[in-house]
Visitor: 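Quick one: the structure is below, and I'll ask about it shortly.
Numbers for residues simply follow the sequence, beginning at 1.
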Amino acid sequence: MTWADLYLFCFLVGFFFSLLAAATGRLHLHFGHGHGAGFHLHAAGRGVHAGRGGVASGLNLGTVAAFLAWFGGTGFLVTQYYGVWFVTTLVLAIGVGLAGAGIVFWFLSRVLMRAPEELDPADYELVGTLGTVTSAIRPGGIGEILFAQAGVRHALPARSETGDAVARGTEVVVTRYENGVAWVRRWQELAEHAATVLH
């Protein structure tokens with residue numbers, strides 16, 4: 001086997017696994033057996049997990065495949081078309097392979113694997129939420145309200161804060177939330193009370 005054959009083989013293997021990682025995003029390769037001796041690669045950029053829980057997130061199927069493809073492609077082209085000494089070709093191919101793996105790792109970590117935005121607990125506070133009665137609340141009984149929170153519609157069992165009946169379709173405000181039940185008051189009633197206080 002010549003150096004050109006080795007570079008071509010590395011390029012083909014790297015290119016194949018790059019396509020496989022891009023197509024599936026879920027590929028797992030397991031190596032080794034026993035306690036603490038094995039590790040496995042994840043295609044989605046989650047890193048190599050050592051047997052004892054260590055994580056080297058820069059080493060994953062995507063970056064390894066990119067290294068092999070860029071290393072093999074550069075080495076093959078330089079060997080075939082330029083009369084460069086094999087050590088120089090090897091060093092150049094390793095450098096380009098590492099650069100390619102670095103670009104793929106940067107893309108995985110900065111673009112695809114970004115941490116989710118911080119959640120604000122105030123966005124999920126039920127007290128003060130405006131909703132609509134979807135199942136009438138009987139006097140002293142339970143009905144149901146529908147409301148939207150963080151772009152998602154939710155339904156909850158509801159009781160009237162005053163103990164009165166509340167008709168279906170009435171807009172209500174949650175005044176407290178206990179044991180999975182929302183206690184509500186009519187929005188119009190609260191608005192009229194606020195207007196009276198202000199005047």
Side-chain angles (χ1 to χ4, degrees), residues 1-126 128-130 146-156:
M1 176 180 269
T2 65
W3 279 99
D5 294 337
L6 176 65
Y7 289 131
L8 183 59
F9 176 76
C10 289
F11 171 75
L12 293 174
V13 169
F15 186 72
F16 171 75
F17 279 111
S18 293
L19 288 178
L20 197 60
T24 65
R26 299 172 186 263
L27 182 66
H28 300 283
L29 296 179
H30 297 271
F31 300 95
H33 301 283
H35 302 288
F39 64 93
H40 55 278
L41 297 173
H42 293 277
R46 295 179 189 169
V48 173
H49 301 272
R52 302 202 179 254
V55 177
S57 61
L59 187 60
N60 56 67
L61 185 58
T63 56
V64 170
F67 172 81
L68 287 174
W70 289 42
F71 166 81
T74 302
F76 180 77
L77 290 175
V78 171
T79 302
Q80 287 295 94
Y81 299 107
Y82 303 98
V84 180
W85 187 40
F86 82 94
V87 173
T88 306
T89 302
L90 183 63
V91 169
L92 180 64
I94 290 172
V96 172
L98 289 174
I103 291 169
V104 169
F105 174 68
W106 176 86
F107 183 74
L108 288 173
S109 63
R110 300 290 181 189
V111 177
L112 297 181
M113 306 292 284
R114 282 187 307 198
E117 295 178 5
E118 292 289 327
L119 298 178
D120 184 359
D123 291 341
Y124 299 92
E125 177 63 43
L126 285 176
T129 300
L130 182 66
L146 186 67
F147 61 96
Q149 200 170 55
V152 179
R153 292 170 56 133
H154 300 276
L156 276 179

Visitor: Applying ring-ring contact (aromatic ring centres under 6.0 Å, His included), name anything that partners F76, two or more places apart in sequence or on another chain.
Guide: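 Applying ring-ring contact (aromatic ring centres under 6.0 Å, His included) to F76 gives none.
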Visitor: Return the set of residues passing ring-ring contact (aromatic ring centres under 6.0 Å, His included) with Y7 (not counting sequence neighbours), or none when no residue passes.
Guide: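 Checked Y7 against ring-ring contact (aromatic ring centres under 6.0 Å, His included); matches are W3, F71.
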Visitor: Residues two or more places apart in sequence or in another chain: which of them pass side-chain contact (heavy atoms from CB on, under 4.5 Å) with A155?
Guide: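 So A155 forms a side-chain contact (heavy atoms from CB on, under 4.5 Å) with E144, L146.
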Visitor: CZ/F16 to CG/L12 distance, rounded to the nearest 0.5 angstrom?
Guide: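 If I round to the nearest 0.5 Å, the distance is 11.0 Å.
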Visitor: Would you mind reporting whether F147 and L156 have side-chain heavy atoms less than 4.5 Å apart?
Guide: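 Contact flag for L156/F147 side chains = yes.
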Visitor: Using the test side-chain contact (heavy atoms from CB on, under 4.5 Å), find all partners of A66 that sit at least two apart in sequence or belong to another chain.
Guide: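 side-chain contact (heavy atoms from CB on, under 4.5 Å) check on A66 returns V104.
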Visitor: Output every pair passing side-chain hydrogen bond (donor to acceptor under 3.5 Å, both in side chains) with a member in residues 71-84, not counting sequence neighbours, ordered by first then second residue.
Guide: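 For residues 71-84: none.
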Visitor: For L98, enumerate each residue passing the side-chain contact (heavy atoms from CB on, under 4.5 Å) test, keeping only those at least two apart in sequence or located in another chain.
Guide: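 Per chain and number, L98 pairs via side-chain contact (heavy atoms from CB on, under 4.5 Å) with F67, I94.
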